[in-house]
Peer 1: 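Before I ask anything, let me first share the structure, which is written out below as structure tokens.
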Amino acid sequence: MSATANGNKPLGGLKFSRGQLCVPYSVFLVLFVIFPLLLIAYYAFTAKTGEFTFGNFKWFFSDATNIKNIFDSMLMGFITTAACLLLGYPVAYVLSRIKSDRRTVLLLLFIMPMWINFVLRAMAMKDLLTVLGIYGKHNYLSVIIGMVYDYFPFMILPLYTTLIKMDK
């Protein structure tokens, strides 16, 4: 295929510029990112009657249960991140030092769980923790184990791609 005078390549007789190719992404961004964020902001700053208020924030931050939930969530997020890092760094380091023949297969074994539906993986982990007797008795531990399981590949891949580029 030859390029046209303005640098556009014909695609099945149609000519697209780079600006036109960003239209689907822009529509997706507006519909599924910007619009929901604006909706959240609208509900955060309005009362049930529709008038502007900071009352929602005052209520949220004055309720002890909400504050406890925020700190519990932050603590679990910190523990999950630390556990993923402590487990993921050695795995990524070993993967980056293995010969390239085996490395691809081993890396694929860590990446494949990301191809499975997130909810399906969470339900499978819940069933496994139930069989082991952890789920129901130790709720915080169950949540942390499930989150580490779900986010572990997302820790390994960036660490691996950084370590593979470093001088040995």
Side-chain angles (χ1 to χ4, degrees), residues 1-57 60-61 66 69-70 73-74 76-126 143-144 146-168:
M1 270 189 217
S2 64
T4 58
N6 62 358
N8 301 331
K9 293 187 178 184
L11 180 65
L14 300 173
K15 297 178 185 176
F16 292 103
S17 68
R18 288 184 183 218
Q20 291 170 326
L21 292 175
C22 75
V23 169
Y25 174 73
S26 299
V27 169
F28 179 85
L29 184 69
V30 167
L31 287 177
F32 297 109
V33 177
I34 295 173
F35 180 69
L37 285 175
L38 291 174
L39 221 80
I40 290 169
Y42 171 76
Y43 285 124
F45 290 107
T46 56
K48 291 182 180 179
T49 58
E51 61 199 25
F52 181 81
T53 183
F54 285 107
N56 295 333
F57 290 98
F60 184 83
F61 288 109
N66 292 337
N69 289 339
I70 287 173
S73 298
M74 290 174 67
M76 282 193 270
F78 177 76
I79 292 170
T80 300
T81 303
C84 283
L85 186 60
L86 287 172
L87 295 171
Y89 189 84
V91 171
Y93 182 80
V94 169
L95 280 174
S96 69
R97 299 297 183 236
I98 294 176
K99 289 185 178 182
S100 65
D101 300 347
R102 296 181 193 163
R103 180 179 11 191
T104 307
V105 174
L106 289 173
L107 186 63
L108 188 63
L109 290 175
F110 285 103
I111 302 305
M112 277 180 53
M114 292 192 312
W115 297 348
I116 299 171
N117 186 322
F118 193 82
V119 175
L120 184 64
R121 286 187 294 143
M123 291 285 98
M125 181 54 68
K126 177 186 167 194
V143 169
I144 290 171
M147 288 176 61
V148 168
Y149 170 70
D150 283 334
Y151 293 112
F152 189 62
F154 295 105
M155 181 64 79
I156 290 176
L157 191 59
L159 289 171
Y160 166 77
T161 55
T162 302
L163 289 171
I164 198 83
K165 295 174 187 174
M166 294 178 102
D167 189 15
K168 297 187 190 320

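Small disclaimer: the values here were computed from a predicted structure and weren't measured.
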Peer 1: Distance from M147 atom CE to C84 atom SG, nearest 0.5 Å?
Peer 2: 8.5 Å

Peer 1: For I70 and F61, work out which heavy atoms get closest and say how close.
Peer 2: CD1-CE2, 4.2 Å

Peer 1: Testing the basics here: between Q20 and S17, what is the closest heavy-atom pair and its distance to 0.1 Å?
Peer 2: OE1-N, 2.9 Å

Peer 1: Is the shortest side-chain heavy-atom distance between Y89 and L163 below 4.5 Å?
Peer 2: yes

Peer 1: Could you tell me which non-hydrogen atom of R103 sits nearest to which non-hydrogen atom of Y160, and how far apart they are?
Peer 2: CD-OH, 2.7 Å

Peer 1: Which pair of heavy atoms, one from N56 and one from A44, lies closest together, and at what distance?
Peer 2: ND2-O, 3.0 Å

Peer 1: Take atom CZ of F35 as the centre, draw a 6.0 Å sphere, and report whether it contains more than 12 heavy atoms from other residues, nucleotides or ligands.
Peer 2: no

Peer 1: With rounding to the nearest 0.5 angstrom, report the CG to CG distance, L157 to L107.
Peer 2: 6.0 Å

Peer 1: Just wondering, are more than 12 heavy atoms of other shown residues or ligands nearer than 6.0 Å to OH in Y25?
Peer 2: no

Peer 1: Of all heavy-atom pairs between F152 and V91, which one has the smallest distance, and what is that distance?
Peer 2: CZ-CG2, 4.1 Å

Peer 1: With sequence neighbours excluded, give me every side-chain hydrogen bond (donor to acceptor under 3.5 Å, both in side chains) pair touching residues 40-50.
Peer 2: T49-E51

Peer 1: Please assess I156 against L87 for the test side chain to side chain contact (heavy atoms under 4.5 Å, CB included), listing each intermediate value before the final yes or no.
Peer 2: CA-CA 9 Å; I156 290 176; L87 295 171; over 6 Å; no

Peer 1: Once you round to the nearest 0.5 Å, how far does CG of L38 lie from CD1 of I34?
Peer 2: 7.5 Å

Peer 1: With a 4.5 Å limit on heavy-atom distance, are the side chains of L95 and I164 in contact?
Peer 2: no

Peer 1: Going by the side-chain contact (heavy atoms from CB on, under 4.5 Å) test, name the single residue among V30, L29, L31 that passes it with V33.
Peer 2: L29

Peer 1: Do the rings of F54 and F52 sit parallel, tilted or perpendicular, given the 30° and 60° boundaries?
Peer 2: perpendicular

